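Below is one structure, written out as C-alpha cells; comments come after it.
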Protein chains: 2
Amino acid sequence: MRRTPAIKQALPTRDRILEAASRCFSKHSYDATGLRDIAADAGVDVAYVHRCFGSKERLFAQALAATARPDRLLTGSSDSVAQALAKQLFAHDTDEDINPLDIIVRSLTNPDAARVLREFIVQDFIGPLATKLEQPALLRAAVIAAFLAGIGILRNVLSIKPLLETEGGQLEKLILGTITTTMHATTTSERGKAPGKRRQ
Amino acid sequence: MRRTPAIKQALPTRDRILEAASRCFSKHSYDATGLRDIAADAGVDVAYVHRCFGSKERLFAQALAATARPDRLLTGSSDSVAQALAKQLFAHDTDEDINPLDIIVRSLTNPDAARVLREFIVQDFIGPLATKLEQPALLRAAVIAAFLAGIGILRNVLSIKPLLETEGGQLEKLILGTITTTMHATTTSERGKAPGKRRQ
DNA sequence: GATCCATGTCAACCGTTGTTGACTAGGGCG
DNA sequence: CGCCCTAGTCAACAACGGTTGACATGGATC
C-alpha cells in the first residue's frame with residue numbers, strides 16, 4: 001500500500017504530512033477528509049498533524065499552495081496558455097497521482113476552504129492570467145477560471161458521463177474554443193465604439 | 001423574522017419543511033445545513049423532519065426537485081435558451097428569495113448530494129438541452145452545464161469579485177457569447193471537412 | 001550525568017450530527 | 001366511551017470531528 005517506503009520515510013515528517021494532505025484533499029472533499037485520515041496516510045498521530053499546522057484550514061492552505069502551481073501553466077502567449085489550461089483538465093489522476101485541480105474543485109463548497117480558495121484563485125490564477133488578456137481582463141480571466149472549475153467539478157467530482165471521454169479530442173477542442181472565445185470576444189456593443197475609456 | 005406567518009402556517013407542515021429546506025440548502029452547503037436548522041426554520045422538531053422524508057439525502061432530493069425547474073428555461077430556440085440561461089445566473093437572491101442554481105452549486109462537493117445532483121443535472125438539464133443542439137449534442141450540453149456551474153460557484157459561493165458586478169452587462173454579454181460559441185462551434189478539424197458523418 | 005528542546009504519542013474533551021424509539025395530543029368513528 | 005390513526009414532540013444514542021494537555025523519547029548541550 002505504501003509506495004517506495006524508504007524514500008517516503010526519508011522525507012521530513014512534516015513534508016510527508018503535507019503530501020498526505022494533498023493526496024487526501026484531491027480525492028475527497030474538505031469536509032470528508034478528516035485529520036485522522038491524513039495522519040493515518042502519513043503514518044503519524046492526529047495530534048501531531050494538528051500541532052504541525054495549527055488548524056485544518058491552515059493545513060489545507062499549505063497543501064494547496066504546495067501542490068497547485070498555476071504559474072507553471074501561465075507562461076507564453078495567451079493562445080499557448082489556453083492550450084495548456086485545456087490540457088490540464090485531462091491530467092489523469094491515478095490513485096497515486098495528484099491532480100492539482102481536484103484539490104481546488106473538491107472543496108469549493110466548504111466555507112473554511114472557500115476562504116482559502118478564493119484568495120488563491122484570485123491572486124494566483126485570475127490576476128496573473130489577466131495580464132495576458134485584453135480588457136476587461138480581470139473579467140475575462142474570472143470567467144475562464146469559472147469555466148475550468150465547472151468542467152473540473154462536473155467531470156472529476158460528479159463524473160458526468162459526456163465529459164469523461166477524452167477520445168477523439170472533441171471535448172478538448174470544444175473547451176479550447178470556449179476559452180479562446182472568452183479571451184478575445186468583444187464585450188462592447190457590436191458597433192465599434194471608441195476603444196478609449198473602458199473601466200474594468 | 002417570519003414572513004406572512006398566517007400563510008405559512010396555513011401550508012401543510014410537510015410543504016413548510018420543504019420550503020425551509022430549499023432556503024437553507026440555497027444559503028449553505030449540504031454539509032453545513034443540519035436537519036435541526038431546517039426544522040427550526042420550519043418550526044417543527046428535528047425528528048419530524050427526518051420521519052417525513054426518511055433521510056437527509058432524500059429531503060435534499062425533494063427540495064431540489066421542488067425548487068430547481070430547468071425546464072422553464074429550456075423552451076424555444078437554442079439562442080433564446082442561451083439568453084435565458086445567461087440571465088438566470090443573475091437572478092438576485094435576497095435573504096428571502098431562493099436562487100435555484102444555488103441549491104445545486106452549494107452542495108456539489110458532498111458525496112451524498114453529488115449522487116442526487118448528477119442524476120438531476122444529467123436527466124433534467126443536459127438531456128433536454130441537448131435536444132436543441134447540434135452534434136455532439138450531449139457533449140455541448142454538458143460543457144454548457146459545467147460553464148454555468150462554474151460561474152455559479154465562483155460568483156455565488158466564492159464571491160469572486162470580477163464576477164459580482166452586473167453593471168454594464170459586460171459579464172452577461174461575455175457569458176452569452178461563451179454559451180453561444182459552445183452551442184455552435186465546430187468540433188471537427190478546422191478545414192471544412194464534409195459535415196456528414198460525425199459520431200458523438 | 002543533568003538539563004533542555006524537538007519530535008512525537010495517548011487519551012480525552014466537547015460540540016455536532018443523523019438517526020431512533022417511546023411517548024403525547026387530537027380527531028374521526030363504531 | 002373506547003379505539004385507532006395521524007401529526008408531532010422529547011430525550012437520547014452512537015459516531016465522528018477538530019482540538020487540547022499531559023506525557024514519552026532521544027539527541028544535543030553544558
Side-chain angles (χ1 to χ4, degrees), chain A residues 2 5 8-25 27-64 103 106-107 109-117, chain B residues 2 5 8-25 27-64 103 106-107 109-117:
Chain A
R2 293 271 67 81
K8 289 188 68 71
Q9 292 297 352
L11 286 173
T13 310
R14 187 191 152 91
D15 289 352
R16 275 200 353 257
I17 296 175
L18 216 43
E19 194 189 334
S22 293
R23 190 162 34 240
C24 290
F25 283 131
K27 303 290 177 229
H28 310 96
S29 73
Y30 185 88
D31 286 305
T33 301
L35 290 187
R36 285 166 176 83
D37 301 326
I38 297 172
D41 191 321
V44 292
D45 190 88
V46 207
Y48 191 59
V49 174
H50 189 269
R51 260 202 29 173
C52 263
F53 294 89
S55 74
K56 184 184 182 182
E57 182 175 338
R58 273 205 280 273
L59 170 56
F60 177 75
Q62 304 240 5
L64 174 67
I103 299 189
R106 280 210 188 267
S107 299
T109 64
N110 175 281
D112 294 340
R115 273 198 302 274
V116 175
L117 288 170
Chain B
R2 294 269 68 81
K8 288 189 69 73
Q9 292 296 350
L11 285 174
T13 308
R14 188 192 151 93
D15 289 352
R16 274 199 353 258
I17 296 175
L18 217 43
E19 194 189 332
S22 292
R23 190 163 33 239
C24 290
F25 283 131
K27 303 290 177 231
H28 313 284
S29 72
Y30 184 88
D31 288 303
T33 301
L35 290 188
R36 284 166 178 83
D37 302 325
I38 298 172
D41 192 320
V44 293
D45 190 272
V46 208
Y48 191 58
V49 174
H50 189 270
R51 261 203 27 175
C52 262
F53 295 89
S55 74
K56 184 183 182 182
E57 182 176 338
R58 274 205 281 271
L59 170 57
F60 178 75
Q62 304 241 4
L64 173 68
I103 299 188
R106 281 211 188 266
S107 299
T109 63
N110 175 281
D112 294 340
R115 274 199 301 274
V116 175
L117 289 170

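Predicted model, so just to flag it, every value in this text is computed and none were measured. The figures here come from the full heavy-atom set of this structure, side chains too, leaving out hydrogens, waters and symmetry mates. Chain letters run A, B, ... following the sequence lines, proteins first and then strands; every chain starts at 1.
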| Would you say B:T13 reaches D:dG8's phosphate, i.e. side-chain N/O to OP1/OP2 under 4.0 Å? | yes

| Using the C1' atoms of five pairs at each end, what's the angle between the two axes of the helix from C:dG15-D:dC16 to C:dG30-D:dC1, to 10 degrees? | 20°

| field | Between C1' of C:dT17 and OH of B:Y30, the distance in whole Å | value | 11 Å

| request: Find out whether B:Y48 and B:I17 are in side-chain contact, i.e. whether some heavy atom of one side chain is under 4.5 Å from a heavy atom of the other. | output: yes

| request: List for me each residue that meets side chain to side chain donor-acceptor pair (under 3.5 Å) alongside B:D31, sequence neighbours excluded, and say none if there are none. | output: B:N110

Dump every N/O contact between nucleotides 11-15 of chain D and the protein below 3.5 Å, one line per pair.
residue	atom	partner	partner atom	Å
D:dA12	N6	B:R36	NH2	3.4

| task | Taking the side chain as every heavy atom from C-beta outward, state whether A:L59 and A:L18 have any pair of such atoms under 4.5 Å apart. | result | yes

| query | Between atom CZ in A:F60 and atom C1' in D:dG17, what is the gap in whole Å? | reply | 17 Å

| note | Between B:S107 and B:S29 the two heavy atoms that sit nearest each other are OG-C, 3.7 Å

| Closer than 4.0 Å, any side-chain N/O of A:H50 to the OP1 or OP2 of D:dT19? | yes

| request: In whole angstrom, give the distance that lies between atom CZ of A:R51 and atom C1' of C:dA6. | output: 8 Å

| query | How long is the line joining CZ of B:R14 and C1' of D:dT6, in whole Å? | reply | 14 Å

| Nearest to the side chain of B:K56, which nucleotide is it out of D:dA7, C:dG18, C:dT9? | C:dG18

| Can you tell if the side chain of A:T13 reaches within under 4.5 Å of the side chain of A:R16, non-hydrogen atoms only? | yes

| field | Spacing of B:I17 atom CD1 relative to D:dG8 atom C1', expressed in whole Å | value | 10 Å

| By side chain to side chain donor-acceptor pair (under 3.5 Å) - contacts of A:T109 (at least two apart) | B:T109

| request: On the 0 to 90° scale, with breaks at 30° and 60°, tag the A:F25-A:Y30 ring pair as parallel, tilted or perpendicular. | output: parallel

| field | Residues in side chain to side chain contact (heavy atoms under 4.5 Å, CB included) contact with A:S55, at least two apart in sequence or another chain | value | A:E57, A:R58

Please list, pair by pair, any protein nitrogen or oxygen found under 3.5 Å from a nitrogen or oxygen in nucleotides 25-27 of chain C.
none

| Spacing between A:Y48 atom OH and D:dA24 atom P, to the nearest angstrom | 19 Å

| remark: From the list B:D41, B:V46, B:D45, B:V49, side-chain contact (heavy atoms from CB on, under 4.5 Å) partner of B:R36 resolves to B:V46

| For B:A21 against B:A63, the heavy-atom pair lying closest together | CB-CB, 4.0 Å

| query | Whole-Å distance between D:dG18 C1' and A:R58 CZ? | reply | 13 Å

| request: List the steps and the verdict of salt bridge (Lys or Arg N to Asp or Glu O under 4.0 Å) for B:D112 and B:K56. | output: CA-CA 9 Å; B:D112 294 340; B:K56 184 183 182 182; over 6 Å; no

| said: What is the distance, to the nearest angstrom, from the CG atom on A:D112 to the C1' atom on D:dG17? | reply: 12 Å

